[in-house]
Amino acid sequence: MNCPHCYVHARNWEKKISKERGLKLIEELKELNFTQIDFTGGETLLIPELFDYIAKAKKLDLNVSINTNLLLLDYEKAKFIKENDIYVYVSVDGSNKEIYEKMRGKGTFDILLKKLELLNKLDISYSIIFSISTFNYIDLPNMVDFAKKNLAKELCVIPVIPSGEAKKTHIYLDSSRILESIKELSIKAVEEYYKVNIWCAPFLKLLDLPKNVFVDKCHAFDYIDLAPTGDILICDVIDIPIAEIRTKSLREAINDILKNPLYKELKERTNYCYDCKVLNFCEGGCYARSWIINGDLRKPDPYCPKVLTAMGK
Ligand code: SF4
Ligand code: SF4
């Protein structure tokens, strides 16, 4: 769909690992006690091997979720999703036709509504993901109504990271706009008593948010991010490989991650954070943003208001 916030479209990921390697990798994940596989895009429903991978993962009793814009969903795929108990994250970046189609193009909003109906008809559990940008931040409170009306389990909000297309289109928000938007969203979430999850902005734990608005930690130390090329990335929004599974087993690759100097550096990000009350939770925040904006993974999140004050900004 050529979305202006996509961090994948601009990447050079043409040369993918084989399906055999992908299937073997799923076995290795199980052997190493991983419990969850989350398939992301680009657009997940464009991955030709997706349903073979999912079938394998489910056979091994792994939990599976997919991220999709739903536009390619049909009844057969939806039935497979239901029968295999797959959790769905649906990217919806506007609560109305005008805003949504600014991101995904003409004619897409009505298709989305039909596909959401299909999920509900088959009683498939799903969350909505809203990537917050200059295009749509005004719409954020309306998304609570949209998610509630369409029976989504929760609304997940992620600030667009200045990576990939967004780096060119400049549609990412600055820190103060994110803070303001989240405060407005929280008021609405309380009014509607609706669950909201905020991703990739752990510094928001500094705010006094209501109990139905959750701030997620950076998932870096709990997940591995695998590119289609077989590279394990330090985070999926930036091109820094820290290991690979093309020539190595997953066990060997994980040993390589733990020895990687960059991975170790992530633990030394406390210069501006040492007296922070949420340091144990936030751990210096989003290091991908530190890399993109400051060119240094060790620096704390450049969007954190406490860091900005400490730096005199
Ligand atoms: S480094 Fe940033 S973008 Fe990556 S998972 Fe952590 S918070 Fe999210
Ligand atoms: S000061 Fe550091 S640990 Fe505290 S919220 Fe900001 S980035 Fe996170």
Side-chain angles (χ1 to χ4, degrees), residues 7 38 127 129-134 137 140-141 154-163 166-167 172-190 194-225 233-238 240 242 257-313:
Y7 61 82
D38 183 42
S127 303
I129 312 177
F130 183 83
S131 300
I132 175 172
S133 68
T134 52
Y137 71 93
L140 190 47
E154 62 178 355
L155 174 65
C156 304
V157 177
I158 180 165
V160 166
I161 307 272
S163 169
K167 202 168 180 181
Y172 48 89
L173 296 177
D174 61 20
S175 167
S176 60
R177 186 73 83 190
I178 291 174
L179 287 166
E180 283 314 306
S181 302
I182 295 300
K183 284 178 192 162
E184 280 169 33
L185 171 68
S186 300
I187 294 169
K188 183 73 180 179
V190 168
Y194 193 71
K195 185 180 171 195
V196 171
N197 239 323
I198 305 168
W199 294 348
C200 295
F203 63 83
L204 290 171
K205 198 78 176 169
L206 286 170
L207 301 181
D208 189 17
L209 294 172
K211 61 179 186 305
N212 51 322
V213 176
F214 299 85
V215 177
D216 261 14
K217 290 180 81 140
C218 168
H219 68 215
F221 301 106
D222 305 321
Y223 278 67
I224 57 170
D225 282 355
L233 304 176
I234 202 157
C235 166
D236 62 347
V237 302
I238 45 177
I240 303 183
I242 47 172
I257 295 174
L258 298 175
K259 282 187 281 180
N260 189 293
L262 281 179
Y263 192 76
K264 288 184 182 166
E265 279 181 7
L266 295 183
K267 295 283 179 192
E268 301 164 12
R269 305 176 65 233
T270 50
N271 284 359
Y272 296 92
C273 304
Y274 66 93
D275 64 342
C276 178
K277 63 180 182 185
V278 301
L279 177 60
N280 286 343
F281 173 87
C282 174
E283 297 179 281
C286 173
Y287 54 83
R289 258 195 301 270
S290 313
W291 170 257
I292 294 163
I293 292 173
N294 293 321
D296 189 345
L297 287 169
R298 288 164 303 181
K299 290 201 170 147
D301 196 327
Y303 273 27
C304 166
K306 200 166 145 50
V307 170
L308 287 168
T309 306
M311 293 171 97
K313 291 192 179 171

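Values in this document were obtained by computation on a predicted structure and should not be read as measured data.
- Residues Leu209 and Ile182 meet the side-chain proximity criterion, which asks for heavy atoms closer than 4.5 Å.
- Figure legend: Lys195 and Phe214 shown as a cation-pi pair, the cationic atom lying under 6.0 angstrom from the six-membered ring centre and within 45 degrees of its axis.
- Open room surrounds NZ on Lys167; 12 or fewer heavy atoms of other groups in view lie less than 6.0 Å from it.
- Nearest heavy-atom pair, Lys306 versus Leu206, reported as atom, atom and distance to 0.1 Å: CB-CD1, 4.2 Å.
- Shown here are the ring pair (Phe, Tyr, Trp, His ring centres under 6.0 Å) partners of Tyr223, two or more places apart in sequence or in another chain: His219.
- For residues 174-187, the salt bridge (Lys or Arg N to Asp or Glu O under 4.0 Å) pairs, not counting sequence neighbours, are Glu180-Lys183.
- Using modelled atom types, no side-chain atom of Asn197 and backbone atom of Glu154 make a donor-acceptor pair closer than 3.5 Å.
- Taking all atoms of both residues into account, the shortest heavy-atom contact from Asn280 to Lys217 is O-NZ, 3.8 Å.
- Ser131 places no side-chain N or O within 3.5 Å of a backbone atom of Val160 that could act as its donor or acceptor partner.
- Taking every heavy atom of both residues into account, Cys286 and Cys200 meet most closely at CB-O, 4.4 Å.
- Within the model, atoms NZ of Lys259 and CD1 of Ile242 stand 13.0 Å from one another, a figure rounded to the nearest 0.5 Å.
- Of all heavy-atom pairs spanning Leu279 and Gly284, the tightest one is CD1-N, 4.2 Å.
- Minimum interatomic distance between Cys235 and Ala288 (heavy atoms only, all atoms of both residues): SG-CB, 4.2 Å.
- For the atom pair OG (Ser133) and CG (Leu173), the distance works out to 6.5 Å, reported to the nearest 0.5 Å.
- Using a 4.5 Å heavy-atom threshold, the side chains of Ile178 and Tyr137 count as separate.
- Taken to the nearest 0.5 Å, the NZ atom of Lys205 stands 12.0 Å off from the SG atom of Cys276.
- Ser163 places no side-chain N or O within 3.5 Å of a backbone atom of Tyr7 that could act as its donor or acceptor partner.
- Outside the 6.0 Å centre-distance limit, the rings of Phe203 and Phe281 are not counted as a close aromatic pair.
- Listed for the Tyr287 side chain is no donor-acceptor partner under 3.5 Å among the backbone atoms of Asp296.
- Here the options are Pro302, Ser175, Pro300, the test is side chain to side chain contact (heavy atoms under 4.5 Å, CB included), and the partner is Val307; only Pro300 passes.
- Taking every heavy atom of both residues into account, Leu204 and Ile198 meet most closely at CD1-CG2, 3.7 Å.
- In this structure, Ser290 and Leu297 have side chains that are not in contact, with every pair of non-hydrogen atoms separated by 4.5 Å or more.
- Annotation: the span from Lys264 atom NZ to Leu258 atom CG amounts to 9.0 Å, rounded to 0.5 Å.
- In this structure a side-chain-to-backbone donor-acceptor pair under 3.5 Å is present from Asp225 to Asp236.
- Side-chain contact between Leu185 and Ile132 is absent, with no heavy atoms from C-beta onward closer than 4.5 Å.
- Remark: Glu283 engages no residue in a side-chain hydrogen bond (donor to acceptor under 3.5 Å, both in side chains) (not counting sequence neighbours).
- Side-chain contact between Phe221 and Leu266: present, with at least one pair of heavy atoms (C-beta onward) separated by less than 4.5 Å.
- Put simply, the side chain of Tyr172 does not reach to within 4.5 Å of the side chain of Pro159, judged on heavy atoms.
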